[in-house]
Number of protein chains: 2
Amino acid sequence: MIADDERNPASKADVRREQILAAAQTCVLEQGFHRASISKICKLAGMSPGHVYHYFENKEAIIAALVRRDLDHVLDFTAGMRASADVLEAMIDRIPLGVAEKLDPRDASLKLEIAAEASRNPNIARIVREADACSLKSLRQTIAEARRARGLPDDDKTVAELAVVAAAMFDGLVIRGVRDPDTDREAVARRFAEILRGVFLA
Amino acid sequence: MIADDERNPASKADVRREQILAAAQTCVLEQGFHRASISKICKLAGMSPGHVYHYFENKEAIIAALVRRDLDHVLDFTAGMRASADVLEAMIDRIPLGVAEKLDPRDASLKLEIAAEASRNPNIARIVREADACSLKSLRQTIAEARRARGLPDDDKTVAELAVVAAAMFDGLVIRGVRDPDTDREAVARRFAEILRGVFLA
DNA sequence: GCCAATAGATTGAACGATCATTCTATATCG
DNA sequence: CGATATAGAATGATCGTTCAATCTATTGGC
């Protein structure tokens, strides 16, 4: 075989790890952390239970990797925003997309599971909080830039407060999507834009 | 023994049921639904595992009762609001309390666990959605009354949209409390009040 | 070019623990 | 006495994890 480590950065081991994580994600999504057993995961990943432990130390390591992967994905999503010329318009343009994604019950399940686990598992909490600090920082930069462009004060305190409120608004949609699946996405997006313009840029 | 069902509505059976629910709540709070086993619950409640099944058909019935009890408590909280003379002031006065409660990580654990479970367990979903419909209705009435008192349009569509956004804002705090335990409660409460006055009453 | 040696990939049975649940036996009380 | 309350052992399933055995593929000697 041609050496993977030179021609292809995704070695066989990496592929296997990814298979396990994908299977674990499906299981957690469908049944939650508690019922996502190793036996189900390895069956879905098409390998034996013993082999799973060749790539992950234990079940918690799988969960931690899953959490980290999901949070990395979120960070990627927000990263593109600050690259735009008009940051505010980029934010507002993305609201309908962000609202739709957060309200999607398929995503909600995993995110809620992660949050619940973080509220009592210190290892998961650390991962979640690192990602959140990074995500909030990005949001603060975006808000500060939008305010500067409009000649508004962009002191740290103001910007930080607005970022927390904005984060809370979007985070809340994850719960709303579960509590009321028929939530009107268009209306929420419109009202969110209204708040963004009316409060965040005033 | 004096007949409980006449003199005291809390019969011995009700007391036992409540013991079980209290123990179950503690277990779920500390370890989540998955690790809240019958053996732990019955040990904490001070009774044998067999006896638990004398009062609940199975584990899911305990969880369902726990969910229902938690949601009833939330409905009680919001019910008092509409009784006030000045509904808007009552709403705004209650913001700091509501913010503090939602950001409390002790409450968050149970609420997130319930939401996560609802996103894939139809029985739990039904209970959660019934309670949410009730809670949202209450919120709509409050907002409509506040707007009427200020001569603002109180058409159903507008009010419904605002209620959803307000619910999302507070729901989001549950997740924020987990993701960033150091969230500034005073600042969030102040900004929320600002949004309530600036957007909901305009 | 072939064969033995070796190292990594993979298996699946087995382990002890714990799970939700059931059942029978005993205790308590009206 | 009859009925309800309660206990706790037993059941079979499933859990996370381990481990010795087997397969596969690459390497090095000839």
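Please read all numbers here as calculations on a predicted model, not as lab measurements. In what follows, every chain begins at residue 1, and chains take the letters A, B, ... in the order their sequences are listed. Note that these values count all heavy atoms, side chains included, but never hydrogens, waters or copies made by symmetry.
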Hey, does the side chain of [X] come within less than 4.0 Å of [N]'s phosphate (OP1/OP2), counting only N and O?
X     : N      : answer
A:K40 : D:dT14 : no
A:R35 : D:dT14 : no
B:S39 : C:dA20 : no

query: Is there side-chain contact between B:R69 and B:L66, with heavy atoms separated by less than 4.5 Å?
result: yes
- prompt: Taking C-beta and beyond as the side chain, do B:I38 and B:I62 meet within less than 4.5 Å on heavy atoms?
  reply: yes
Proximal nucleotide (of D:dT6, D:dC15, C:dT10) relative to the A:S37 side chain: D:dC15
Rounded off to whole Å, could you give me the [atom1]-to-[atom2] distance for the [X] and [N] pair?
X     : N      : atom1 : atom2 : answer
B:I38 : C:dT22 : CD1   : P     : 11 Å
A:Q31 : D:dT14 : CD    : P     : 12 Å
A:I20 : C:dT10 : CD1   : C1'   : 12 Å
B:R16 : C:dT28 : CZ    : C1'   : 12 Å
B:K43 : D:dG8  : NZ    : P     : 11 Å
B:Q19 : D:dA5  : CD    : P     : 13 Å

- prompt: Any donor and acceptor pair, going by atom type alone, linking the side chain of A:T142 with main-chain N or O of A:S138 inside 3.5 Å?
  reply: yes
message: Between A:K59 and A:S37 (side chain of the first, backbone of the second, donor and acceptor by atom type, cut-off under 3.5 Å), is there such a pair?
response: no
task: Between A:F33 and A:H51, name the one whose nearest nucleotide on DNA chain D is closer to the 5' end.
output: A:F33
message: Let me spell it out: for each of A:G50 and B:S48, pick the nucleotide of DNA chain D with the closest heavy atom. Which residue's pick is nearer the 5' end?
response: B:S48
Let me check something: any side-chain donor-acceptor pairs from residues 41-53 of chain B under 3.5 Å, sequence neighbours excluded? List them with distances.
unit_1	atom_1	unit_2	atom_2	d
B:S48	OG	B:H51	N	3.3

query: Can A:E194 and A:R190 be counted as an ion pair, charged N to O under 4.0 angstrom?
result: no
message: If we count only N and O atoms by modelled type, under 3.5 Å, do the side chains of A:N121 and A:E60 hold a donor and an acceptor together?
response: yes
- prompt: Do A:T158 and A:D155 meet the criterion of a side-chain donor-acceptor pair at a distance under 3.5 Å?
  reply: yes
- prompt: With under 30° as parallel and over 60° as perpendicular, where do the rings of A:F170 and A:F192 fit, or are they tilted in between?
  reply: perpendicular
statement: Output row for DNA chain C, stems defined as at least 3 consecutive Watson-Crick or G-U pairs under 3.5 Å, is C:1-30 with D:1-30
message: For DNA chain C, which residues of residues 53-69 of chain A approach it to below 4.0 angstrom with any heavy atom?
response: A:H54, A:Y55
